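Read through the structure below, which is laid out as structure tokens, and then see the notes.
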Amino acid sequence: MKPYAPLPEDFFQQPTLLLAEALLGCLLIKETEEGIASGYIVETEAYMGPEDRAAHSFGNRRTKRTEIMFNEPGFVYTYVMHTHCLVNVVSGPKEKPEAVLIRGIEPVDGLDLMKKRRKMDDLKNLTNGPGKLTKALNITIDDYGRRFTSPPLMIAKGIPPGKVTRGKRIGIDNSGDARNYPWRFWIAENPYVSRNRK
DNA sequence: ATAGAGATGGCCT
DNA sequence: GGCCATCTCTATT
């Protein structure tokens, strides 16, 4: 396993839609006492803050949960959805509450650890969804407010993503027109994308 | 292959 | 008390 070099802070300082696409192919890494697990990011969604009805920060809603999004980019935003934890990259300049949701990764290191945590052997189903990958990597609400530029939770240079496709975001059907915005990005033909649709 | 429903828990009003 | 940026299982085509 090669040593990990987290991406520099300025990587996160690009506009949110560009960052969402730039994250594809990057390596998401979590270090724990049990060991290291990582995977290439293959699917993301951009949430554009005040004007985006699907975003938690719609209308500049500022709560205990959304507070981290008002920081400068590169912070970790985790939150709990039903029984699952979801992980976002805080994006946009300070006071602009935007974020990128990580929806799927392709397993790289720590395969056995991921299988153990997910209690299954089916490689294809280990990390192909936002709630699945956090469980496989052991990303939790405790990671809230950390930075992706240092351990234990990091984003590092990965591989060139190849062909990228974009389409509507998933699971936000109660968000008016925002549901149709093409702010979901994924690596074309990649088997670890949560689901196929435009 | 696709559709529908239940589980389930924290956050917000 | 209502609302979900989900997952898994079942039933049906």
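Nothing here was measured: the structure is a model prediction, and the numbers come from that model. Letters go in sequence order (proteins before strands), and every chain restarts at 1.
- A/L101 comes within contact range of at least one nucleobase, with a heavy-atom separation under 4.0 Å.
- A salt bridge links A/E95 and A/R62; the closest N-O separation between the charged side-chain nitrogens and carboxylate oxygens is under 4.0 Å.
- A salt bridge is absent between A/R166 and A/E21: the closest approach of a Lys/Arg side-chain nitrogen to an acidic carboxylate oxygen does not fall below 4.0 angstrom.
- A donor and an acceptor atom, one from each side chain of A/S194 and A/R103, are located under 3.5 Å apart.
- Remark: P of C/dA5 and CD of A/E43 are 16 Å apart, rounded to the nearest angstrom.
- A straight line from OH of A/Y181 to P of C/dA5 spans 16 Å, rounded to a whole angstrom.
- Checked against C/dC4, B/dC11, C/dT8, the side chain of A/K132 finds its nearest nucleotide in C/dT8.
- Rounded to whole Å, the distance from NZ on A/K135 to P on B/dG9 is 13 Å.
- Nucleotide C/dT8 holds its C1' atom 15 Å from the CG atom of A/L126, rounded to whole Å.
- Side-chain N/O atoms of A/N128 and A/K124 include no donor and acceptor closer than 3.5 Å.
- A heavy-atom distance below 4.0 Å to DNA chain B is reached by these residues of residues 74-93 of chain A, ordered by number: A/H82, A/T83.
- In summary, the side chains of A/E34 and A/N138 do not present any donor paired with an acceptor at a separation below 3.5 Å, with no hydrogens or angles considered.
- Taking atom CD of A/E67 as the reference point, atom P of B/dC11 lies 15 Å away to the nearest angstrom.
- Ring geometry for A/F12 versus A/F148: interplanar angle under 30°, hence parallel rather than tilted (30 to 60°).
- Note on A/R118: only backbone sugar-phosphate atoms sit closer than 4.0 angstrom, heavy atoms only; bases stay farther off.
- A/R53 forms no cation-pi arrangement with A/Y181, by the criterion of a distance under 6.0 Å to the ring centre and an angle within 45° of the ring axis.
- Pairing partner, B/dT8: none, since no Watson-Crick or wobble contact has both distances short of 3.5 Å.
- The A/M120 side chain lies nearest to C/dT8 when the options are B/dC11, C/dT8, C/dT6.
- Rounded to a whole Å, the CD1 atom of A/I170 is 16 Å from the C1' atom of B/dA3.
- Summarising the geometry, the separation between CH2 on A/W183 and C1' on C/dA5 is reported as 14 Å, rounded to the nearest angstrom.
- For A/D173 and C/dC3, the CG to C1' distance is 14 Å, given to the nearest whole Å.
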